[in-house]
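Read through the structure below, which is laid out as structure tokens, and then see the notes.
Whatever order the structure lists ligands and atoms in, that order sets their numbers, starting from 1. If you're wondering where the values come from, they're calculated on a predicted model, not measured in any experiment.
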Amino acid sequence: MANEPAGRGSTRTAVVWSGLEPVLDREGSGARDVLDIGGGTGGLAVRVGALGHRVTVVDPSPDALAALDRRAGEHDVAVTGRQGDLSTLLDVVGPDSADVVLCHGVLEVVDDPAAALATLAHVVRAGGVLSLLVAQRHAAVVARAMAGHFQQALAMLDPQTGSGPHPADPPTPTGRSGRRYSHDELTSLVGDAGFAVDTVHAIRVFTDLVPGSLLDLEPGASAALVELEQAVATRPEYLPLATQLHLLAHRA
Ligand SMILES: C[S@@+](CC[C@H](N)C(=O)[O-])C[C@H]1O[C@@H](n2cnc3c(N)ncnc32)[C@H](O)[C@@H]1O
């Protein structure tokens, strides 16, 4: 993400942030305890910390945590980094320890998503909020087919049941490819873990289809694209076209 042009980077994150900001900024709620599980190098965590919240990033990667420290220092924001993963999370941060849990880009790579969500339900305080960002499957099928990878598209049609990366994915150095979810699969998993779903937004409906050069060269194109993405994010008919789903839920 660091090498992306500013235009595309901002269009990728704008809708998620505008969904999250009101949750973090509830009037009278003051500083909250925010856990960013799999927070990586802290792009989101530092932004949340800059609002005055107490942010802890738990991530298995020591390199990511070192980059998080550097990023937090550069922005003069206090963020705590702890090494761990979803399977050890309760030992690292303890139960009922967070008002808000961010779990972005992680549910794709865990071995057992249901167990991961059950763990998060123990970490979030009653009434607290879960923010999940996951890859959406139907858009990925279309993208593979449009690129001429018809066998891969075919293999991705149904939910993946095994662990690890999807068999249709080419190996990637970062291992980022993994499970993808439909709206119904995601809301059902989250509900089964004891959360009440508040919203599901469509993220990156158009952004990944637009040539980067257009965003770089056309004055005002990035802002117009963000406006369009914001406009379709809450329309259910665009959910199957979205690269990602952003779900907000609370623990009853
Ligand atoms: C795709 S990155 C997402 C980083 C960040 N949350 C974001 O949205 O930009 C996935 C992150 O999950 C971490 N991760 C991988 N397996 C994990 C696990 N089992 N539990 C928690 N984090 C994990 C990786 O180290 C990596 O930092």
Side-chain angles (χ1 to χ4, degrees), residues 1-4 8-21 23-24 34-49 53 55-72 75 79-93 97-98 100-124 129-136 140 160 162-166 169 171-181 186 189 193 201 203-204 207-208 242-248:
M1 211 173 235
N3 295 327
E4 287 173 349
R8 191 181 285 280
S10 62
T11 52
R12 281 187 169 147
T13 55
V15 178
V16 173
W17 184 251
S18 62
L20 202 51
E21 205 173 14
V23 170
L24 295 164
V34 179
L35 168 70
D36 191 355
I37 175 69
T41 59
L44 181 59
V46 168
R47 201 167 173 184
V48 174
H53 300 295
V55 185
T56 302
V57 171
V58 176
D59 199 285
S61 162
D63 289 346
L65 292 172
L68 161 72
D69 275 347
R70 284 195 295 275
R71 190 194 291 264
H75 290 81
V79 173
T80 304
R82 310 275 304 271
Q83 194 171 3
D85 62 27
L86 268 157
S87 68
T88 59
L89 187 61
L90 281 167
D91 300 328
V92 177
V93 297
S97 53
V100 179
V101 170
L102 313 172
C103 181
H104 290 190
V106 181
L107 218 56
E108 294 89 333
V109 296
V110 294
D111 287 340
D112 186 342
L117 285 165
T119 299
L120 296 183
H122 284 296
V123 169
V124 180
V129 173
L130 171 67
S131 169
L132 268 183
L133 185 66
V134 302
Q136 198 275 125
Q160 186 197 356
S163 63
H166 194 287
D169 287 330
T172 60
T174 57
R176 283 183 69 138
S177 298
R179 285 188 181 74
R180 296 178 175 84
Y181 300 85
L186 186 65
L189 262 178
H201 287 166
I203 305 297
R204 289 161 53 184
T207 295
D208 298 332
T243 299
Q244 293 172 304
L245 301 174
H246 182 215
L247 177 149
L248 290 169

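- Thr41 and Arg71 are linked by a side-chain donor-acceptor pair at a separation below 3.5 angstrom, with hydrogens and angles left out of the test.
- Counting heavy atoms from C-beta on, the side chains of Val15 and His246 never come closer than 4.5 Å.
- Judged purely by distance below 3.5 Å, without hydrogens or angles, the side chains of Ser61 and Asp59 never pair a donor atom with an acceptor atom.
- For atom 6 (N) of ligand 1, the nearest non-hydrogen atom from the set Gly105, Gly38, Gly40 belongs to Gly38.
- Ligand 1 has a nitrogen or oxygen under 3.5 angstrom from a nitrogen or oxygen of Asp59.
- Looking at Glu108, its side chain never comes within 3.5 Å of a backbone N or O of Arg180 through a donor-acceptor pair.
- Pro60 counts as a contact of ligand 1, since one of its heavy atoms falls under 4.0 Å from the ligand.
- Nearest to atom 15 (C) of ligand 1 by heavy atom, out of Asp112, Val16, Val109, is Val109.
- Summarising the contacts of atom 12 (O) of ligand 1 with Val106, Leu44, Asp63, Leu133, the nearest heavy atom is found in Val106.
- Between Asp36 and Val58, the closest side-chain pair of non-hydrogen atoms is not below 4.5 Å.
- Within the 4.0 Å heavy-atom criterion, both parts of Asp85, backbone and side chain, lie near ligand 1.
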